[in-house]
2 protein chains.
Amino acid sequence: MKRIEVKKGQILQRADYLNKKVYQVESGLLRSYSIDENGKEHIFMFAPENWLIGDGVPKDEPCQLFIDAIEDSVVIPIERDSPLLSDSKKLIRRVEVLKNRIIKLMSASAIERYEDFIETYPNIAQRVPQKMIASYLGITPEALSTVKRNRLKK
Amino acid sequence: MKRIEVKKGQILQRADYLNKKVYQVESGLLRSYSIDENGKEHIFMFAPENWLIGDGVPKDEPCQLFIDAIEDSVVIPIERDSPLLSDSKKLIRRVEVLKNRIIKLMSASAIERYEDFIETYPNIAQRVPQKMIASYLGITPEALSTVKRNRLKK
DNA sequence: TTCCTTTATTAATCTACATTAATGCACAAC
DNA sequence: GTTGTGCATTAATGTAGATTAATAAAGGAA
(Lines give C-alpha, C1' and ligand atoms only; values in the text may rest on other atoms or scores of the structure.)
Protein backbone atom coordinates (compact mmCIF):
# COMPACT_ATOMS: atom_id res chain seq x y z
CA MET A 1 0.00 0.00 0.00
CA LYS A 2 1.02 3.54 -0.71
CA ARG A 3 2.66 5.38 2.13
CA ILE A 4 3.15 9.08 2.71
CA GLU A 5 5.88 10.56 4.85
CA VAL A 6 4.78 13.63 6.72
CA LYS A 7 7.46 15.66 8.40
CA LYS A 8 6.82 17.39 11.71
CA GLY A 9 4.88 20.59 11.06
CA GLN A 10 3.93 19.61 7.54
CA ILE A 11 0.29 20.14 6.60
CA LEU A 12 -1.52 17.14 5.13
CA GLN A 13 -4.95 18.67 4.66
CA ARG A 14 -6.29 22.20 4.58
CA ALA A 15 -9.77 23.40 5.51
CA ASP A 16 -11.85 24.68 2.57
CA TYR A 17 -10.16 22.37 0.09
CA LEU A 18 -11.43 19.07 -1.25
CA ASN A 19 -9.81 15.92 0.02
CA LYS A 20 -11.24 12.54 -0.85
CA LYS A 21 -8.94 10.73 1.53
CA VAL A 22 -8.53 9.90 5.17
CA TYR A 23 -5.32 8.62 6.70
CA GLN A 24 -4.33 5.56 8.66
CA VAL A 25 -1.38 6.46 10.86
CA GLU A 26 1.44 3.95 10.61
CA SER A 27 3.89 5.82 12.81
CA GLY A 28 4.18 9.23 14.39
CA LEU A 29 1.50 11.58 15.65
CA LEU A 30 -0.85 13.96 13.85
CA ARG A 31 -3.63 16.31 14.80
CA SER A 32 -6.72 17.74 13.17
CA TYR A 33 -7.95 21.22 14.04
CA SER A 34 -10.11 24.10 12.94
CA ILE A 35 -9.15 27.75 12.80
CA ASP A 36 -11.87 30.17 13.87
CA GLU A 37 -12.59 33.68 12.58
CA ASN A 38 -10.18 35.12 15.14
CA GLY A 39 -7.38 32.93 13.87
CA LYS A 40 -7.41 30.64 16.88
CA GLU A 41 -6.74 26.94 16.52
CA HIS A 42 -9.03 24.39 18.16
CA ILE A 43 -7.70 20.85 18.13
CA PHE A 44 -10.39 18.34 17.30
CA MET A 45 -8.32 15.20 17.72
CA PHE A 46 -4.88 13.67 18.00
CA ALA A 47 -3.98 10.55 16.05
CA PRO A 48 -1.02 8.37 17.09
CA GLU A 49 -0.02 5.04 15.53
CA ASN A 50 -2.87 2.86 14.25
CA TRP A 51 -5.46 5.60 14.48
CA LEU A 52 -7.44 6.99 11.61
CA ILE A 53 -7.57 10.71 10.95
CA GLY A 54 -9.60 12.66 8.43
CA ASP A 55 -12.59 14.84 7.89
CA GLY A 56 -16.09 13.49 8.39
CA VAL A 57 -17.63 15.48 5.56
CA PRO A 58 -19.30 13.86 2.55
CA LYS A 59 -16.59 13.36 0.00
CA ASP A 60 -17.63 16.11 -2.41
CA GLU A 61 -17.68 18.84 0.19
CA PRO A 62 -14.64 20.87 1.19
CA CYS A 63 -12.89 19.90 4.40
CA GLN A 64 -13.50 21.72 7.63
CA LEU A 65 -10.32 20.70 9.37
CA PHE A 66 -6.61 21.12 8.97
CA ILE A 67 -4.40 18.11 9.55
CA ASP A 68 -0.70 18.32 10.27
CA ALA A 69 2.04 16.28 11.86
CA ILE A 70 3.15 16.83 15.45
CA GLU A 71 5.97 14.30 14.97
CA ASP A 72 7.58 12.95 11.80
CA SER A 73 4.97 10.45 10.66
CA VAL A 74 4.08 7.88 8.04
CA VAL A 75 0.45 7.56 6.94
CA ILE A 76 -1.48 5.40 4.51
CA PRO A 77 -4.08 7.29 2.49
CA ILE A 78 -7.48 5.60 2.19
CA GLU A 79 -10.24 6.66 -0.19
CA ARG A 80 -13.25 8.04 1.65
CA ASP A 81 -15.59 5.62 -0.05
CA SER A 82 -13.46 2.60 0.77
CA PRO A 83 -15.33 -0.25 2.46
CA LEU A 84 -12.55 -0.15 5.05
CA LEU A 85 -14.32 2.88 6.50
CA SER A 86 -17.78 1.31 6.68
CA ASP A 87 -17.15 -0.72 9.82
CA SER A 88 -20.28 0.24 11.73
CA LYS A 89 -18.97 -1.04 15.05
CA LYS A 90 -16.05 1.34 14.86
CA LEU A 91 -18.30 4.17 13.77
CA ILE A 92 -20.63 3.57 16.69
CA ARG A 93 -17.65 3.61 19.01
CA ARG A 94 -16.54 6.87 17.47
CA VAL A 95 -19.99 8.40 18.02
CA GLU A 96 -19.77 7.39 21.65
CA VAL A 97 -16.37 9.01 22.12
CA LEU A 98 -17.64 12.25 20.62
CA LYS A 99 -20.77 12.11 22.76
CA ASN A 100 -18.64 11.84 25.89
CA ARG A 101 -16.51 14.76 24.82
CA ILE A 102 -19.60 16.93 24.29
CA ILE A 103 -21.05 16.03 27.66
CA LYS A 104 -17.74 16.80 29.34
CA LEU A 105 -17.35 20.12 27.54
CA MET A 106 -20.78 21.08 28.85
CA SER A 107 -20.55 19.79 32.39
CA ALA A 108 -16.94 19.60 33.57
CA SER A 109 -14.48 22.31 34.57
CA ALA A 110 -11.15 22.81 32.81
CA ILE A 111 -9.24 20.91 35.47
CA GLU A 112 -11.64 18.00 35.36
CA ARG A 113 -11.34 17.82 31.59
CA TYR A 114 -7.56 17.97 31.91
CA GLU A 115 -7.41 15.14 34.40
CA ASP A 116 -9.77 13.10 32.30
CA PHE A 117 -7.58 13.68 29.25
CA ILE A 118 -4.28 12.62 30.79
CA GLU A 119 -5.96 9.60 32.28
CA THR A 120 -7.64 8.53 29.06
CA TYR A 121 -4.73 9.33 26.72
CA PRO A 122 -1.53 9.18 28.81
CA ASN A 123 0.47 8.22 25.75
CA ILE A 124 -0.64 11.28 23.82
CA ALA A 125 -0.38 13.63 26.79
CA GLN A 126 3.35 12.90 27.07
CA ARG A 127 4.05 13.58 23.43
CA VAL A 128 2.34 16.90 22.77
CA PRO A 129 3.13 20.39 24.13
CA GLN A 130 0.86 21.79 26.82
CA LYS A 131 -0.54 24.40 24.55
CA MET A 132 -1.96 21.69 22.32
CA ILE A 133 -3.56 19.94 25.25
CA ALA A 134 -5.07 23.29 26.22
CA SER A 135 -6.35 23.72 22.69
CA TYR A 136 -7.92 20.26 22.79
CA LEU A 137 -9.56 21.04 26.12
CA GLY A 138 -10.94 24.33 24.85
CA ILE A 139 -8.91 26.63 27.11
CA THR A 140 -5.82 28.82 26.76
CA PRO A 141 -2.32 27.61 27.67
CA GLU A 142 -2.19 30.26 30.41
CA ALA A 143 -5.38 28.92 31.97
CA LEU A 144 -4.07 25.36 31.85
CA SER A 145 -0.84 26.44 33.52
CA THR A 146 -2.72 28.20 36.32
CA VAL A 147 -5.20 25.42 36.82
CA LYS A 148 -2.44 22.84 37.20
CA ARG A 149 -0.61 24.98 39.76
CA ASN A 150 -3.78 25.43 41.81
CA ARG A 151 -4.36 21.70 41.81
CA LEU A 152 -0.90 21.05 43.26
CA LYS A 153 -1.35 23.64 46.01
CA LYS A 154 -4.10 21.70 47.67
CA MET B 1 -43.94 -3.07 14.05
CA LYS B 2 -44.32 -2.57 17.72
CA ARG B 3 -45.04 0.96 18.86
CA ILE B 4 -44.66 2.60 22.24
CA GLU B 5 -46.64 5.61 23.37
CA VAL B 6 -44.64 7.95 25.54
CA LYS B 7 -46.53 10.68 27.33
CA LYS B 8 -45.03 14.12 27.85
CA GLY B 9 -42.60 13.94 30.76
CA GLN B 10 -42.43 10.17 30.77
CA ILE B 11 -38.96 8.63 31.00
CA LEU B 12 -38.07 6.07 28.36
CA GLN B 13 -34.50 5.31 29.43
CA ARG B 14 -32.49 5.90 32.56
CA ALA B 15 -28.75 6.34 32.86
CA ASP B 16 -26.93 3.48 34.65
CA TYR B 17 -29.45 0.88 33.51
CA LEU B 18 -29.12 -1.53 30.63
CA ASN B 19 -31.16 -0.84 27.53
CA LYS B 20 -30.60 -2.87 24.40
CA LYS B 21 -32.84 -0.66 22.30
CA VAL B 22 -32.81 2.63 20.48
CA TYR B 23 -35.94 4.40 19.30
CA GLN B 24 -37.21 5.61 15.97
CA VAL B 25 -39.51 8.57 16.59
CA GLU B 26 -42.80 8.25 14.73
CA SER B 27 -44.43 11.35 16.19
CA GLY B 28 -43.76 13.83 18.95
CA LEU B 29 -40.47 15.06 20.37
CA LEU B 30 -38.00 13.53 22.79
CA ARG B 31 -34.66 14.47 24.30
CA SER B 32 -31.65 12.67 25.69
CA TYR B 33 -29.60 14.16 28.50
CA SER B 34 -27.08 13.45 31.20
CA ILE B 35 -27.27 14.53 34.82
CA ASP B 36 -23.96 15.59 36.34
CA GLU B 37 -22.74 15.18 39.92
CA ASN B 38 -24.36 18.49 40.86
CA GLY B 39 -27.72 17.29 39.62
CA LYS B 40 -27.70 19.49 36.54
CA GLU B 41 -29.18 18.29 33.29
CA HIS B 42 -27.23 18.63 30.05
CA ILE B 43 -29.26 17.96 26.94
CA PHE B 44 -27.32 15.92 24.42
CA MET B 45 -29.91 15.90 21.63
CA PHE B 46 -33.50 16.48 20.64
CA ALA B 47 -35.33 13.98 18.43
CA PRO B 48 -38.46 15.01 16.52
CA GLU B 49 -40.38 12.84 14.03
CA ASN B 50 -38.28 10.45 11.94
CA TRP B 51 -35.19 10.85 14.05
CA LEU B 52 -33.45 8.12 15.94
CA ILE B 53 -32.65 8.48 19.62
CA GLY B 54 -30.68 6.21 21.91
CA ASP B 55 -27.42 5.65 23.65
CA GLY B 56 -24.25 5.02 21.70
CA VAL B 57 -22.79 2.56 24.19
CA PRO B 58 -22.03 -1.08 23.35
CA LYS B 59 -25.15 -3.01 24.10
CA ASP B 60 -23.96 -4.75 27.25
CA GLU B 61 -22.91 -1.59 29.01
CA PRO B 62 -25.26 0.54 31.08
CA CYS B 63 -26.64 3.68 29.45
CA GLN B 64 -25.14 7.08 30.08
CA LEU B 65 -28.16 9.12 29.06
CA PHE B 66 -31.72 9.66 30.15
CA ILE B 67 -34.39 9.86 27.48
CA ASP B 68 -37.79 11.39 28.04
CA ALA B 69 -40.62 12.90 26.03
CA ILE B 70 -40.99 16.66 25.61
CA GLU B 71 -44.31 16.13 23.81
CA ASP B 72 -46.66 13.14 23.76
CA SER B 73 -44.84 10.82 21.36
CA VAL B 74 -44.93 7.48 19.62
CA VAL B 75 -41.68 5.59 19.11
CA ILE B 76 -40.66 2.30 17.52
CA PRO B 77 -38.08 0.36 19.52
CA ILE B 78 -35.20 -1.11 17.52
CA GLU B 79 -32.70 -3.65 18.82
CA ARG B 80 -29.21 -2.20 19.10
CA ASP B 81 -27.75 -4.95 16.99
CA SER B 82 -30.31 -4.55 14.23
CA PRO B 83 -28.82 -4.15 10.73
CA LEU B 84 -31.06 -1.09 10.45
CA LEU B 85 -28.50 0.71 12.59
CA SER B 86 -25.46 -0.27 10.53
CA ASP B 87 -25.99 2.26 7.77
CA SER B 88 -22.47 3.65 7.61
CA LYS B 89 -23.48 6.71 5.59
CA LYS B 90 -25.83 7.78 8.34
CA LEU B 91 -23.22 7.05 10.98
CA ILE B 92 -20.65 9.13 9.15
CA ARG B 93 -23.17 11.97 8.94
CA ARG B 94 -23.76 11.63 12.66
CA VAL B 95 -20.03 11.83 13.38
CA GLU B 96 -19.90 15.02 11.37
CA VAL B 97 -22.77 16.62 13.28
CA LEU B 98 -21.08 15.81 16.58
CA LYS B 99 -17.76 17.13 15.30
CA ASN B 100 -19.39 20.44 14.43
CA ARG B 101 -20.98 20.67 17.84
CA ILE B 102 -17.63 20.11 19.54
CA ILE B 103 -15.90 22.72 17.44
CA LYS B 104 -18.66 25.22 18.18
CA LEU B 105 -18.61 24.51 21.90
CA MET B 106 -14.88 25.26 21.85
CA SER B 107 -14.83 28.30 19.61
CA ALA B 108 -18.17 30.12 19.61
CA SER B 109 -19.81 32.33 22.24
CA ALA B 110 -23.20 31.52 23.75
CA ILE B 111 -25.02 33.92 21.44
CA GLU B 112 -23.34 32.48 18.37
CA ARG B 113 -24.27 28.97 19.41
CA TYR B 114 -27.82 30.12 20.02
CA GLU B 115 -28.15 31.72 16.60
CA ASP B 116 -26.64 28.70 14.98
CA PHE B 117 -29.11 26.44 16.78
CA ILE B 118 -32.28 28.32 15.83
CA GLU B 119 -31.05 28.55 12.27
CA THR B 120 -30.16 24.87 12.02
CA TYR B 121 -33.17 23.52 13.93
CA PRO B 122 -35.96 26.12 13.62
CA ASN B 123 -38.57 23.41 13.96
CA ILE B 124 -37.17 22.20 17.25
CA ALA B 125 -36.46 25.68 18.60
CA GLN B 126 -40.16 26.55 18.40
CA ARG B 127 -41.26 23.47 20.26
CA VAL B 128 -39.03 23.38 23.32
CA PRO B 129 -38.86 25.77 26.28
CA GLN B 130 -35.96 28.21 26.44
CA LYS B 131 -34.44 26.48 29.39
CA MET B 132 -33.98 23.34 27.32
CA ILE B 133 -32.34 25.28 24.53
CA ALA B 134 -30.04 26.77 27.14
CA SER B 135 -29.26 23.30 28.43
CA TYR B 136 -28.45 22.11 24.91
CA LEU B 137 -26.18 25.12 24.38
CA GLY B 138 -24.35 24.52 27.64
CA ILE B 139 -25.47 27.72 29.42
CA THR B 140 -28.06 28.66 32.04
CA PRO B 141 -31.56 29.92 31.13
CA GLU B 142 -30.70 33.24 32.79
CA ALA B 143 -27.64 33.66 30.58
CA LEU B 144 -29.67 32.86 27.47
CA SER B 145 -32.26 35.42 28.44
CA THR B 146 -29.64 38.12 28.96
CA VAL B 147 -27.74 37.27 25.83
CA LYS B 148 -30.91 37.53 23.70
CA ARG B 149 -31.79 40.90 25.19
CA ASN B 150 -28.34 42.29 24.52
CA ARG B 151 -28.57 41.13 20.93
CA LEU B 152 -31.84 43.06 20.40
CA LYS B 153 -30.44 46.25 21.92
CA LYS B 154 -27.98 46.69 19.12
C1' DT C 1 28.88 27.70 20.57
C1' DT C 2 25.44 31.92 19.64
C1' DC C 3 21.16 33.43 18.05
C1' DC C 4 16.45 32.97 17.41
C1' DT C 5 11.99 31.11 17.84
C1' DT C 6 8.75 28.57 20.45
C1' DT C 7 6.94 27.21 24.81
C1' DA C 8 5.75 27.59 29.72
C1' DT C 9 4.93 30.32 33.59
C1' DT C 10 3.30 34.16 36.38
C1' DA C 11 0.65 38.25 37.46
C1' DA C 12 -2.80 42.03 36.59
C1' DT C 13 -6.83 43.05 34.60
C1' DC C 14 -11.07 42.04 32.10
C1' DT C 15 -15.30 39.66 30.65
C1' DA C 16 -18.63 36.06 29.71
C1' DC C 17 -21.30 33.42 32.06
C1' DA C 18 -22.88 31.34 36.74
C1' DT C 19 -25.27 31.99 40.96
C1' DT C 20 -28.73 33.75 43.80
C1' DA C 21 -32.84 35.87 44.44
C1' DA C 22 -36.88 38.44 43.38
C1' DT C 23 -40.81 39.41 40.23
C1' DG C 24 -44.33 38.64 36.86
C1' DC C 25 -46.74 35.56 33.87
C1' DA C 26 -48.90 31.73 31.80
C1' DC C 27 -51.37 27.66 32.28
C1' DA C 28 -53.23 23.65 34.56
C1' DA C 29 -55.68 21.74 38.79
C1' DC C 30 -58.99 22.44 41.87
C1' DG D 1 -63.07 32.02 40.06
C1' DT D 2 -58.38 30.78 43.24
C1' DT D 3 -54.28 28.44 43.94
C1' DG D 4 -50.51 26.49 42.61
C1' DT D 5 -46.36 25.19 39.68
C1' DG D 6 -43.23 25.95 36.22
C1' DC D 7 -41.13 29.28 33.06
C1' DA D 8 -39.00 33.71 31.57
C1' DT D 9 -36.99 37.82 32.87
C1' DT D 10 -34.20 41.10 35.45
C1' DA D 11 -30.65 42.59 38.57
C1' DA D 12 -26.70 42.12 41.92
C1' DT D 13 -22.86 39.72 42.84
C1' DG D 14 -19.37 36.02 42.18
C1' DT D 15 -15.97 33.37 39.55
C1' DA D 16 -13.66 30.60 35.91
C1' DG D 17 -11.19 31.42 32.42
C1' DA D 18 -9.58 35.05 28.67
C1' DT D 19 -6.50 38.68 27.59
C1' DT D 20 -2.37 41.15 27.83
C1' DA D 21 2.21 41.50 28.91
C1' DA D 22 6.52 40.34 30.90
C1' DT D 23 10.02 36.85 31.96
C1' DA D 24 12.36 32.66 31.68
C1' DA D 25 13.44 28.28 29.90
C1' DA D 26 13.93 25.07 26.11
C1' DG D 27 14.77 23.69 21.57
C1' DG D 28 16.47 24.50 16.51
C1' DA D 29 19.23 26.53 13.08
C1' DA D 30 23.41 28.35 11.80
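Proteins come first, then strands; the chains are lettered A, B, ... in the order of their sequence lines, and each starts at number 1.
The shortest distance between the side-chain N/O atoms of Thr140(A) and the OP1/OP2 oxygens of dG17(D) is not below 4.0 Å. For the OP1/OP2 pair of dA16(C) and a distance below 4.0 Å, the side-chain nitrogens and oxygens of Arg113(B) include no atom meeting the criterion. For Lys40(B) and dT19(C), the shortest distance from a side-chain N or O to OP1 or OP2 is below 4.0 Å. OP1 or OP2 of dT9(C) has not a single side-chain nitrogen or oxygen of Arg149(A) nearer than 4.0 Å. OP1 and OP2 of dA26(D) both lie 4.0 Å or more from every side-chain N or O belonging to Lys131(A).
Atom pair Glu71(A):CD and dG27(D):P shows a separation of 14 Å (rounding to whole Å applied). Between Leu105(A) atom CG and dG17(D) atom C1' there is a gap of 14 Å when expressed in whole angstrom units. Rounded to whole Å, the distance from NZ on Lys148(B) to P on dA11(D) is 16 Å. Rounded to whole angstrom, the span from the OH atom of Tyr114(A) across to the P atom of dA16(D) amounts to 19 Å. Separating the CD1 atom of Ile139(B) from the P atom of dT9(D) is a distance of 12 Å, rounded to the nearest angstrom. Regarding Leu144(B), its CG atom lies at a distance of 8 Å from the P atom of dT9(D), rounded to whole Å. The nearest whole Å value for the distance from the CZ atom in Arg127(B) to the P atom in dC7(D) is 17 Å. Spacing between atom CD of Gln130(B) and atom C1' of dA26(C) amounts to 14 Å, rounded to whole angstrom units.
The residue among Lys8(A) and Glu142(B) whose nearest nucleotide of DNA chain D is located toward the 5' end is Glu142(B).
A distance of 11.0 Å separates CZ of Phe46(B) from CZ of Arg127(B), quoted to the nearest 0.5 Å.
No engagement by Gly9(A) is indicated, since no non-hydrogen atom pair under 4.0 Å with the nucleic acid exists. Counting non-hydrogen atoms under 4.0 angstrom, Pro141(B) reaches nothing in the nucleic acid.
Comparing dA8(D), dG17(D), dT9(C) against the side chain of Ser109(A) picks out dG17(D) as the nearest.
Ionic pairing of Asp60(B) and Lys20(B) is present here: one or more N-O contacts between side-chain nitrogen and carboxylate oxygen are shorter than 4.0 angstrom.
For the pair Arg113(A) and Tyr136(A), the cation does not sit on the ring face, since its NZ or CZ is not both under 6.0 Å from the ring centre and inside 45° of the axis.
In this structure, a donor-acceptor pair under 3.5 Å is absent between the side chains of Glu142(A) and Ser145(A).
Heavy atoms of other residues, nucleotides or ligands lying less than 6.0 angstrom from CD of Glu5(A) number 12 at most.
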